[in-house]
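Chain identifiers are assigned alphabetically (A, B, ...) following the order of the sequence lines, protein sequences preceding nucleic acid strands; residue numbering begins at 1 within each chain.
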Amino acid sequence: MQNDKKAPETQWGLNEIISHCKEYGFIFPSSEIYDGLSAVYDYGQMGSQLKKNLRDAWWKSMTQLNDNIVGIDAAIFMHPTTWKASGHIDSFSDPMIDNKDSNKRYRVDHLIENFAETLKEQEAKELLDEMDRLLQADDLKSLYDLIVKYNIKCAVSKTSNWTEIRQFNLMFDTKLGSVSEEADKIYLRPETAQGIFANFLNVQKTGRLKIPFGIAQTGKAFRNEIVARQFIFRMREFEQMEMQFFIRPGSQMKWYEHWKAERKKWLEEIGIPSNKLRYHNHVKLAHYADAAVDIEFEFPFGWKELEGIHSRTDFDLKQHQQYSKKKIQYFDNDLNEEGKPIGNYIPYVVETSIGLDRLFLTVISMSYEEEKWLKEDGSEDSRVVLKIPAKLAPMKVAILPLLKKDGLPEIAKKIFDDCKPHFHCFYEEKDAIGKRYRRMDAIGTPFCITVDHQTKEDNTVTIRFRDDMKQERIKIDELKGVILKALQ
RNA sequence: GCGGAAGUAGCUCAUUUGGUAGAGCGAUAGCCUUCCAAGCUAUAGGUGGCCGGUUCGAGCCCGGUCUUCCGCUCCA
C-alpha cells in the first residue's frame, strides 16, 4: 500500500511488520470485531510475553542492578490538583480554531499573536492583554468574538471563515464516584512521572534513601493525541518506563550526561544495533526542563524518539510543594567546604523516560527479516524470521519430534516437561519438520530441539539455531545448561 | 477535524456492461515422510464493512455511515 516507506536496503516496511505482528499473535487492532478503535492496540499471546520480557529487562536493570534506585507502582488515578501542579491542565490544553476554506487549523493564541505583530505596539499590547485575560478565563466565545472583531484572516485562504473555537486537551477525564452529579472530574494520567513526584517523601523516608537516588516505575499512561498514526508508535493508551533520579542542585549536568550515556548503553546491551541509535538534542525546551535529549531509533518510517532524558530541575517538586502546601525537602548531611551539613533543599531531577510500546516496535523492527536463498536443486527458498535477541524472545525453545511415530513424541514430551519450568517451551508434532522450523522462525524462537532416531540410541538431540539455521548434536543431559547459558 | 483512496474467507486476490461468490496460501483432522515451507485426502471458514435507496433481481449503480491508509493540522 501507499504507506510503505521502506528503508532503502530492505524490501519490507511498516506494513509488513504490522501484518506479521497480527498474523503471529503479537499485536491486534483493539476491538477489531467492532471495526476497531483508532490508535488503540492489543497485545496477543506472543506480544504480551515479549512486552513483559522488555519490561522485566528494564525493571531489573534499574532496580536490581542499581543499588540506589527503587521501584514503585502508583495508581493511574491521581488527585486532580496533581495536574494543576504539573502544568498539564494549563500548558497542554490549547484552544484551537479551523479555517473552513483552507482547512488549516490554528492554535488560537498563535493565530492572534501572529496577527498582533502586524499592529502598532500599543494596539498589539491591548489585543494580547485581552487575549490573555480571555484565555485565563476559558472564555472561548469571547475569544472567537475577538478574532471576528479584529477581522483576523487565515494566512492560506485569506478569509475569516472560521469554525467555533474548540478546546483541545490531551488528558482524558472521567468521574470519580458512582453518582455522576456529585462526582468530581479526575484525569487518566498522561505520564507516570507525577506518581513518583507525589510519592517522593513517602519513598525517601520509608526507604531511608540518600541523595542521589532514583525511583523507577512502569505503567500505562493516556494521551488524547490529535493524530495517532504509525502503528504502536503513537497510541492513545500506552506504557511508559520512567525513572526519576533525585540529585543535589547544581549537579544536574553531571547526572544528565551520566544517564544520557547509560541509557544508550543499555539499549545497545539488550541488542539494538548502535548504528540504529542516535542522540537528538532538544532546542526548544519544555517548561520544566533545562536540558533535554532524545535517543532516536531508525524505525521503518525514519528516525524517531525512543527514549527521552530530561533535566527537570526542581520544577516538579517545587510545584507540588506549592500546591500541596507540604514541605518537600531533603536534608543533606554531607559536609560542605566549611565542614557543615549542606542542609535542606528541594532536589533536582534527571528523568529517563522510554515508551515500552516504542521499545517493542524497535525490537520488532530490527528483528524482522525476509530471507531468500537458492536450494541445492536450484529452486528458491525463503523464510520470514524474527531475529529477536534470545533473552528477549517470547518463546525460547521448541521441542519437536522429527516424526510422529516410533516413540519419538514420547521422548520429546519428556524433554518438554523437563524444560518447561526453566524457560518458555513449545511442543509440536504436526507437519513436516521444515514447516515447524519456519513457524518458529516467524515468532522468533531462537532454539529448536529435534528428537530423531539417533536419540533412542545415544540420548542426543539436535539443537537448531534460528539465525543461521545451523544444527549441532548435543546430549539431552546438557540441554538445559546450554540453553540457559545462551539466554543470559 | 478537513481533503483524497480503499473495505469480498485468517492472509493475498478473482468474479470484465447488476442474475443469489471462487482460487491460492493458511488453519483443522488424517495419510505419507529419519532434518529445513509449497506430496495426498477430507473438513471448517463469507448475510461481499454497516444501513438505506433504485431494480423482478446488487458485491457490482446511488446516498449515508463506520473503519483503515495517504496528505494537512498538533505533538511536553
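- Tested against Glu239(A) for a salt bridge (charged side-chain N to carboxylate O under 4.0 Å, His left out), the candidates Lys220(A), Arg55(A), Arg189(A), Arg358(A) yield a single pass: Arg55(A).
- The base-pairing partner of rU55(B), taking Watson-Crick or G-U wobble contacts with both distances under 3.5 Å, does not exist among the strands shown.
- Residues Phe447(A) and Phe465(A) form a side-chain contact, since some pair of their non-hydrogen atoms from C-beta on lies under 4.5 Å apart.
- Distance CD (Glu305(A)) to C1' (rA76(B)): 10 Å, rounded to an integer number of Å.
- Side-chain proximity of Tyr437(A) to the nucleotides rC35(B), rC69(B), rA76(B) is greatest for rC35(B).
- Nearest to the side chain of Asp452(A), among rC36(B), rC35(B), rC69(B), sits rC35(B).
- Rounded to whole Å, atom C1' of rC36(B) lies 15 Å from atom CG of Leu374(A).
- Using a 4.0 Å cut-off between charged nitrogen and carboxylate oxygen, Asp431(A) and Arg439(A) count as a salt-bridge pair.
- For Asp468(A) and rC35(B), the CG to P distance is 20 Å, given to the nearest whole Å.
- A cation-pi arrangement is present between Lys264(A) and Tyr279(A), with the terminal nitrogen or guanidinium carbon under 6.0 Å from the aromatic centre and inside a 45° cone about the axis.
- Within 4.0 Å of Arg439(A), counting heavy atoms only, lie sugar-phosphate atoms of the nucleic acid but no base atom.
- Judged by distance alone, with hydrogens and angles left aside, Arg436(A) brings no side-chain donor or acceptor close enough to the base of rC36(B) to form a pair under 3.5 Å.
- Nucleotide rU33(B): unpaired (no Watson-Crick or G-U wobble partner with both distances less than 3.5 Å).
- In this structure, rA23(B) forms a base pair with rU12(B), meeting either the Watson-Crick or the G-U wobble geometry with both donor-acceptor distances under 3.5 Å.
- Taking only side-chain nitrogens and oxygens, Arg234(A) never comes nearer than 4.0 Å to OP1 or OP2 of rA76(B).
- For Pro190(A), whose side chain is taken as the heavy atoms from C-beta onward, the closest listed nucleotide among rA37(B), rA76(B), rC36(B) is rA76(B).
- Nucleic acid contact class of Gln471(A) (heavy atoms, under 4.0 Å, all strands): base.
- Spacing between rU16(B) and rC35(B) at atom P, rounded to whole Å, works out to 47 Å.
- Considering only the side chain of Asp381(A), rA37(B) comes nearest among rA76(B), rA37(B), rC35(B).
- Comparing rG30(B), rA76(B), rC35(B) against the side chain of Lys404(A) picks out rG30(B) as the nearest.
- Using cut-offs of 30° and 60° for the angle between ring planes, the Phe416(A) and Tyr427(A) rings count as tilted.
- Nucleic acid contact class of Ile433(A) (heavy atoms, under 4.0 Å, all strands): sugar-phosphate only.
- When the C1' atom is compared between rC50(B) and rC25(B), the two are found 29 Å apart, to the nearest whole Å.
- In this structure rU17(B) sits in no base pair that meets the Watson-Crick or G-U test at under 3.5 Å.
- At rA38(B), none of the side-chain N or O atoms of Lys435(A) fall inside 4.0 Å of OP1 or OP2 (strictly under the cut-off).
- The separation between Phe222(A) atom CZ and rA76(B) atom P is 21 Å, rounded to whole Å.
- For the pair Arg473(A) and Asp452(A), the salt-bridge criterion is met [side-chain N within less than 4.0 Å of a carboxylate O].
- Between Asp431(A) and Thr462(A), it is Asp431(A) whose nearest contact on RNA chain B lies nearer the 5' terminus.
- Going from atom CD of Glu428(A) over to atom C1' of rC35(B) covers 15 Å, rounded to whole Å.
- Rounded to an integer number of Å, the gap from CE of Met469(A) to C1' of rA37(B) is 11 Å.
- Remark: the separation of the C1' atoms in rC51(B) and rC70(B) is 27 Å, to the nearest Å.
- One P atom belongs to rG64(B), the other to rG3(B), and the distance between them is 12 Å to the nearest Å.
- Between rG46(B) and rC13(B), the two C1' atoms lie 15 Å apart (nearest whole Å).
- Contacts of Ser382(A) with the nucleic acid, taken as non-hydrogen atoms under 4.0 Å apart, include base atoms.
- Remark: rU28(B) base-pairs with rA42(B). Criterion, Watson-Crick or G-U wobble with two distances under 3.5 Å.
- Across rA14(B) and rA76(B), the matching P atoms stand 43 Å from one another, rounded to whole Å.
- rA6(B) and rG30(B) have their C1' atoms separated by 41 Å, with the value rounded to a whole Å.
- For the P atoms, the distance linking rC74(B) with rC62(B) amounts to 36 Å, nearest Å.
- Asp418(A) has no carboxylate O lying under 4.0 Å from a charged side-chain N of Lys413(A), or vice versa, which leaves the two without a salt bridge.
- Sequence order on RNA chain B of the closest nucleotides to Leu403(A) and Lys470(A) puts Leu403(A) first from the 5' end.
- Summarising the base pairing, rC50(B) is matched to rG64(B) through a Watson-Crick or G-U wobble pair whose two defining distances lie under 3.5 Å.
- Between rG10(B) and Lys22(A), no contact under 4.0 Å exists linking OP1 or OP2 to a side-chain N or O.
- Rounded to whole Å, the distance from CZ on Phe301(A) to P on rG71(B) is 12 Å.
- If you check every strand for non-hydrogen atoms under 4.0 Å, Asp406(A) touches nothing.
- A salt bridge links Arg312(A) with Glu351(A): the closest approach of a Lys/Arg side-chain nitrogen to an acidic carboxylate oxygen falls below 4.0 angstrom.
- Remark: rG3(B) base-pairs with rC70(B). Criterion, Watson-Crick or G-U wobble with two distances under 3.5 Å.
- Rounded to an integer number of Å, the gap from CZ of Phe28(A) to P of rC11(B) is 11 Å.
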